[in-house]
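Basis for what follows: all heavy atoms, side chains included, without hydrogens, waters or symmetry-related copies. Computed from a predicted model, the values in this text were never measured in an experiment. The chains referred to below are lettered A, B, ... by the order of the sequence lines, with proteins before strands, and numbering in each begins at 1.
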Amino acid sequence: MKPVIDMEGVYKSFTQPRTLGEIFLHPMARKRIQVLSGVTLRVQQGTLLGLVGSNGAGKTTMLRLLSATVTPDEGVVKILGQDATRRPNTVHKNLGVVLDDERSFFWRLTARQNLLFFASLYNLSNKAAKKRIDALAQLLDLGPELDKAFRNLSTGWRHRLALARALLHDPQVLLLDEPTRGMDPKAAHKARALVAQRLVGEQKKTVVMATHDLRTVQRWCQSLALLDGGKIAMQGPVHELIEQVESRFGLSDTSQDETETEE
Amino acid sequence: MLILRKCWAFIKKDFRTDISYRIAFAGQLLFTFFMVAAFYFFAKMIGQSSIPSLAPYGGDYFPFVLVGVAFSSYLDVSVRSFADTIRSAQVLGTLEALIATPTPPWQIVILSSIYSFVATSLRVVLTLAIGVFVFHVQFSNANWAGASLVLVLSIICFAFIGVLSASAVLAFKRADPSGWLVQGLSYLLGGVYYPISVLPHWAQVLAQVLPITHSLEAMRKMLLNGASLEQASSSMTGLLLFAIVAGPMSIASFWLALKRVRKEGSLGHF
């Protein structure tokens, strides 16, 4: 079976700021930092993959490459068989993204007005958008917050809204960067359950979720990929790898209290 | 239909944002009145003497400058709005979220600027209306159909400058100096406040490269003298030539800028 997400030999580096001395001595040179070095990752349909790694491991860069907002230096990224570098707009039709940037809405509009605006960019008709927003409001318990100005929403509500936006066009593939950050334990639990049980379990969507939280991965994901040193150090079923990941890399569980509360 | 729906969504979004700053919104309307009134009194001061360079435009300074000021605002909005759109989306953090939708980036940039053009058109109408109803300017001979054609062609030319400027902002983040340069030169040499015939010969030659020179020349001939398209054909040709040269350049520059930021991963940077 063809993978839904297919990254093959992906390299990515970024330019780094230089000191005045470096600029003076080598005005035309560029200082680069290698973030990903030959990453290969395949994810099958109906999988919830937990992408873990320490800070700066390249998780967000990987999600940006998959969302076609960044292009690789080398290698190929394919989503549902479409080359993300060559056909980003086609890829975006079946892709929902929750970015790590909570500012990515229009602050003077209400949450509902924001969702209606983005729905038009996802090619939804006004009628379909309203219906979809009502359904998502129920699903994510957006309730009265939907008619509040975005600037008055708390961080947790903003992340809930970001998840609602990612689901507006009912995409086949979801990329989530710390999607429950800032949510209260109940909302975070509900959001994770929605993703794992309904979207992946029932609707067979494919989800990549970048997180530091190993307990979330252990509880909700089928497989995990560990990024280390710009490479995928491990990839496979969670139950086979979770102990190795914990012991080998000593990744800290940053939301232990939260997880314990929800359980 | 899809593009129209998106266009409407952008207009609604920007209008809602605009009116949420009520004092600034009302201030813009008041400013338009003050500006027109200031030019009226300035024209009244110099109106006693006969000015030969104004003869081709009816000899009266106030209608001359009213048309210049009103329609040069399209240049301002064209040069600034595309770049401002990119810049504010970078700073607000919405650029990456917009680019992550299936709507192509070129559509996002153009649609993001539509409201500015609509608002500018309303301001132009208001400027002319204040001139007509408060200060009794006559447009009784005006060729409105011809002027509309000039306006469309002018906006296309100005928009190409705007897209060039937006490309620079997309790639280099800070405000683009070429946009300011074109804008500055246009006000200096393009005949907004005075006829270009008062400029030195070399400056008059340089002025022919600027689209605003041709735009205002054709607009004044049509609105103040009721000239036909044929009578304004040299200005129309100037605008067309500019569009033919600047069009592909602006599209190529935007494509290259977008490729660069995707490569550098700096869509969300500012």
Worksheet entry | Side chain / backbone / both / neither for A:Asn114 at chain B, heavy atoms under 4.5 Å | neither
Discussion item. Would you say B:Ser253 and B:Ser167 are linked by a side-chain donor-acceptor pair, where the criterion is simply a distance under 3.5 Å?
Written reply: yes
Worksheet item: Which region of A:Ser125, side chain (C-beta onward) or backbone (N, CA, C, O), has a non-hydrogen atom less than 4.5 Å from a non-hydrogen atom of chain B, or is it both or neither?
Response: both
Discussion item. Salt bridge check, A:Asp177 against A:Arg64: does any charged N sit closer than 4.0 Å to a carboxylate O?
Written reply: no
Worksheet item: Could you go step by step and tell me if B:Leu239 and B:Ser215 meet the side chain to side chain contact (heavy atoms under 4.5 Å, CB included) rule?
Response: CA-CA 7 Å; B:Leu239 286 172; B:Ser215 171; 4.2 Å; yes
Donor-acceptor pairs under 3.5 angstrom involving side-chain atoms of residues 81-88 of chain A: please list them, not counting sequence neighbours.
{"unit_1": "A:Gln82", "atom_1": "OE1", "unit_2": "A:Arg87", "atom_2": "NE", "d": "3.0"}
{"unit_1": "A:Asp83", "atom_1": "OD1", "unit_2": "A:Thr85", "atom_2": "N", "d": "2.8"}
{"unit_1": "A:Asp83", "atom_1": "OD1", "unit_2": "A:Arg86", "atom_2": "N", "d": "3.3"}

Item to complete: Count the heavy-atom pairs under 4.5 Å between each of A:Leu168, A:Asn94, A:Leu124 and chain B, then report the option with the highest count.
Response: A:Leu124
Worksheet item: With only heavy atoms counted, which part of A:Leu121 is less than 4.5 Å from chain B, the side chain, the backbone, both or neither?
Response: both
